[in-house]
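Each chain gets a letter, A, B and so on, in the order the sequences are listed, and its residues count up from 1. Quantities reported herein were computed from a predicted structural model and do not represent experimental measurements.
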There are 2 protein chains.
Amino acid sequence: MDIFATLLQEKERLSQSESRIADILLNDFEFAVNASIIELAGKADVSPPTVTRFCRRLGCESFSDFKVQLARTAYVGMRYLKPEPKSQEPVDVARDIIDKAQNALFLLHRSLDLAAIEQAADRLAAAGMVYAFGSGGNSSMIAGELQNRLFRLGLRITSSSDHGMQLMLAAAAKQDDVIIGSSFSGRNAELVRALTLAREAKVPTIALTQSGSPVAEAADIAVPVDLPEGNNIYRPTSTRIAYLALVDILASLVAYRVQPQATATLRRIKQQLVVHRDGDDRQLLGD
Amino acid sequence: MDIFATLLQEKERLSQSESRIADILLNDFEFAVNASIIELAGKADVSPPTVTRFCRRLGCESFSDFKVQLARTAYVGMRYLKPEPKSQEPVDVARDIIDKAQNALFLLHRSLDLAAIEQAADRLAAAGMVYAFGSGGNSSMIAGELQNRLFRLGLRITSSSDHGMQLMLAAAAKQDDVIIGSSFSGRNAELVRALTLAREAKVPTIALTQSGSPVAEAADIAVPVDLPEGNNIYRPTSTRIAYLALVDILASLVAYRVQPQATATLRRIKQQLVVHRDGDDRQLLGD
DNA sequence: ACGAAAAGTGAAAATAATTTGCATCGCAAT
DNA sequence: ATTGCGATGCAAATTATTTTCACTTTTCGT
């Protein structure tokens, strides 16, 4: 658990003086990481001991421990508090894109529901056949990626981005199959229809989507991905990166279930394949 | 420029005592961020003043400034120094994957050659027609992504993952066209052939690949992506994430060249499209 | 090879930052 | 009204950091 999360969680229960300190952290973070306890206390209009107590309350040993922890998580964790730079300068564009991507990963990590992911991995590993659904450039890529990752593990899988096809596949699926759907917004009505159809036929379903959304409700196992809206609309790439990482996690867990003992051996085999090919994208083989 | 980079850069020029401090930072980083100057000095067998001077030398105000900066970059920047966790526990798998992904982005950011990217963006924006080449699951995805991103900006573009096709397209390309190829390893011999063919016909070429590699040499503009090998082989996803971010950067810069004034307007239009559709993956439209 | 200048280093003193102990204040419950 | 508790700041104590200065080693020109 990082401090920033703790801070948000404790925020309500803080005293008057302490919330003033919290405000400074949230608003003028740059100042906060660089300030001494005296400067910080001064700006918050409290005494240094209050700052020390504040730090302890948030689970730190001391003020300097606090600063280190703050600096640590903040590198990626607090970027989204910043307004958009809006500059068209390459340096800024690059920085902005990388920040957003790292931040999306950070938020993904925080919002991960490991229990749900494990359940999903269990189901996938045991499935007779897997159908991966996703539409639109983004989610269809994720569906394709699922296929790409899981077929290598020996799973039987196909993917579809076509709504009509999804319905037919869902109708044809058997009870030991699994349908896994992806939707960034969670509001893909057609996907909801396919999942509902599957549910009626008692075919297990998994959704990678925003928690609490229609798509999430329609699936047996909802693996939540909750990223702030801002991220989605203007920078779809960063959301996509988070989804890719999620698929990576899921596929790794499925791999451990399918080939529990194979980790070490696999790596050795991979290395061989990799060394002898010497073509492009050697890692494809080695994945 | 972050401290870790500065440290690696200055490493050679450090004095005996100073290198001992550097070693501790590199080897027992956890200790270093949490230690007081006295503890750190003790472990390195030097006096506290030497530590202070060491910090100054690396461009910091003071020891505490140094610690903050260190903690900051280290959050993602030094993860790759850690050995693999090897645990199959979901928490560890997730943490590992997210770390690697963030780290790949961090390294990408550090190795970005903005000048090359700008040149590439200039060329692309001015091209009569763009051909995006990439083979293997990874690079072909990148080629597809380039097409996906650039056609929306009004560019004429097609992509191909087929070597034979790439050769034919390269042979058919005109001098005001652009060929852009992606190769993670830089050792895709077929891609090199296509790029060479294009060069002979004076068709401008761009490569997204490892610097100094055959593919990089074969292209007019090489946009380097240098990630440590370890990242590639076992976790292709993280490398792919870095490439996706790079495409994102490149596409954004092309957008500014093609529609220099449109940024603000575009966003407003996007928002409209987005609000009225309410389907899945609204961001697709809005991208 | 010699010696002067420069750079590197640590001990101790000086300074600054942080924490502790304690007293006070304000508020809520009795 | 009064007791008790948590919140707070002051001042002292502690601790951490930096500066100063003297000493040592290295470097470089002669």
Checklist outcome for this item: 5' to 3', nucleotides 9-25 of chain D under a 4.0 Å protein heavy-atom cut-off (B base, S sugar-phosphate only, - none) gives BBB-----BBB------

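There is no side-chain donor-acceptor pair under 3.5 Å between B/Asp226 and B/Ser111.
Put simply, the side chain of B/Asp96 never gets that close to the backbone of B/Asp92: no donor and acceptor are under 3.5 Å apart. Side-chain atoms of B/Arg199 come within 3.5 Å of backbone atoms of B/Ala219 as a donor-acceptor pair (strictly under, hydrogens ignored).
By the 4.5 Å heavy-atom criterion applied to side chains, A/Thr239 and A/Asn138 are not counted as neighbours. Proximity of B/Ile98 to A/Gln102: side-chain heavy atoms (C-beta onward) are nowhere separated by under 4.5 Å.
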Return all side-chain donor-acceptor pairs below 3.5 angstrom for residues 33-44 of chain B, not counting sequence neighbours, or 'none' if the list is empty.
{"from": "B/Asn34", "atom 1": "ND2", "to": "B/Glu30", "atom 2": "O", "distance (Å)": "3.0"}
{"from": "B/Ser36", "atom 1": "OG", "to": "B/Ile38", "atom 2": "N", "distance (Å)": "3.3"}
{"from": "B/Ser36", "atom 1": "OG", "to": "B/Glu39", "atom 2": "N", "distance (Å)": "3.3"}
{"from": "B/Glu39", "atom 1": "OE1", "to": "B/Ser36", "atom 2": "N", "distance (Å)": "2.7"}
{"from": "B/Lys43", "atom 1": "NZ", "to": "B/Asp28", "atom 2": "OD2", "distance (Å)": "3.1"}

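Classified by interplanar angle (parallel below 30°, tilted 30° to 60°, perpendicular above 60°), the ring pair B/Tyr243/B/Phe184 is parallel.
Along DNA chain C, the stretch of nucleotides lying under 4.0 Å from any heavy atom of chain A spans, 5' to 3', C/dT18 to C/dT20.
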